[in-house]
Amino acid sequence: LLNFKILVKGYPVKIIDEFERWKRIEDFQGNLGWISNSQLSKERFVITLVDKIYLQKFPSVNSKKIAVIEHNTIMKFFKSKEGWLLVENSGLKGWIKKNSAWGIN
């Protein structure tokens, strides 16, 4: 019996092995599988691990709060700075704490 999961665009995965044009991947829940190189993007994404985290204007807890982000939200990653990640989703761009998301070491 073969189990599989269809992943949504931008779903963050970690590459743990490769064979020819295939990559063995792992997701934030520890699920493993193989995916064709053509299905991977050079863009990087993270998924939030905590419910109701703040998207901040700047990388500081004292910064203006732009939005509240729900658990398991996929966000495009731009850069990291001192424990913070600059991310974007649905046109909202800002900073979240690095430990509140998975996808960036």
Applying side-chain contact (heavy atoms from CB on, under 4.5 Å), run through Trp34 and Asp17 and close with a yes or a no. CA-CA 9 Å; Trp34 289 90; Asp17 198 5; 4.3 Å; yes
Hey, can you pull the donor-acceptor pairs under 3.5 Å for the side chains in residues 38-48, sequence neighbours left out?
{"from": "Ser38", "atom 1": "OG", "to": "Ser36", "atom 2": "OG", "distance (Å)": "3.0"}
{"from": "Ser41", "atom 1": "OG", "to": "Glu43", "atom 2": "N", "distance (Å)": "3.0"}
{"from": "Glu43", "atom 1": "OE2", "to": "Lys76", "atom 2": "NZ", "distance (Å)": "2.8"}
{"from": "Thr48", "atom 1": "OG1", "to": "Glu70", "atom 2": "O", "distance (Å)": "2.7"}
{"from": "Thr48", "atom 1": "OG1", "to": "Asn72", "atom 2": "N", "distance (Å)": "3.1"}
{"from": "Thr48", "atom 1": "OG1", "to": "Thr73", "atom 2": "N", "distance (Å)": "2.9"}

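Here the straight-line distance linking atom CE of Met75 with atom CG of Leu85 works out to 10.0 Å at 0.5 Å rounding. Rounded to the nearest 0.5 angstrom, Trp95 CH2 and Lys57 NZ are separated by 12.5 Å. In this structure, the separation between CZ on Arg24 and CD1 on Ile16 is 5.0 Å, given to the nearest 0.5 Å. With rounding to the nearest 0.5 Å, the separation of CG in Leu49 from CD in Gln29 is 9.5 Å. From Ser80, atom OG reaches atom CG of Leu86 across 9.5 Å, with rounding to the nearest 0.5 Å. In this structure, OG on Ser60 lies 6.5 Å from CH2 on Trp84, to the nearest 0.5 angstrom.
Cluster membership for Ile25 and Ile104, using ILVMFWY side-chain heavy atoms within less than 4.5 angstrom, is shared. Side-chain heavy atoms closer than 4.5 Å link hydrophobic residues (I, L, V, M, F, W, Y) into clusters, and following such links, possibly through other members, connects Phe77 to Val8.
For the pair Lys93 and Phe78, the cation-pi test (distance below 6.0 Å, angle within 45°) is passed.
For Glu18 (side chain) and Arg21 (main-chain N/O), no donor-acceptor pair under 3.5 Å exists by modelled atom type. Under the 3.5 Å distance criterion, the side-chain polar atoms of Asp27 are left unmatched by any main-chain donor or acceptor of Leu32.
In this structure, Ile74 and Tyr11 have side chains that are in contact, with non-hydrogen atoms separated by less than 4.5 Å. In this structure the side chain of Pro12 reaches within 4.5 angstrom of the side chain of Trp102, judged on heavy atoms. Contact of the Leu55 side chain with the Val87 side chain is registered, since non-hydrogen atoms from C-beta on lie closer than 4.5 Å.
Scanning for side-chain contact (heavy atoms from CB on, under 4.5 Å) contacts around Val50 gives Ile53, Ser100, with sequence neighbours left out. Residues satisfying the side-chain contact (heavy atoms from CB on, under 4.5 Å) test with Tyr54, not counting sequence neighbours, are Gln56, Lys65, Val68.
A pairwise comparison of heavy atoms in Lys23 and Ile15 identifies CD-CG2, 3.6 Å as the closest pair.
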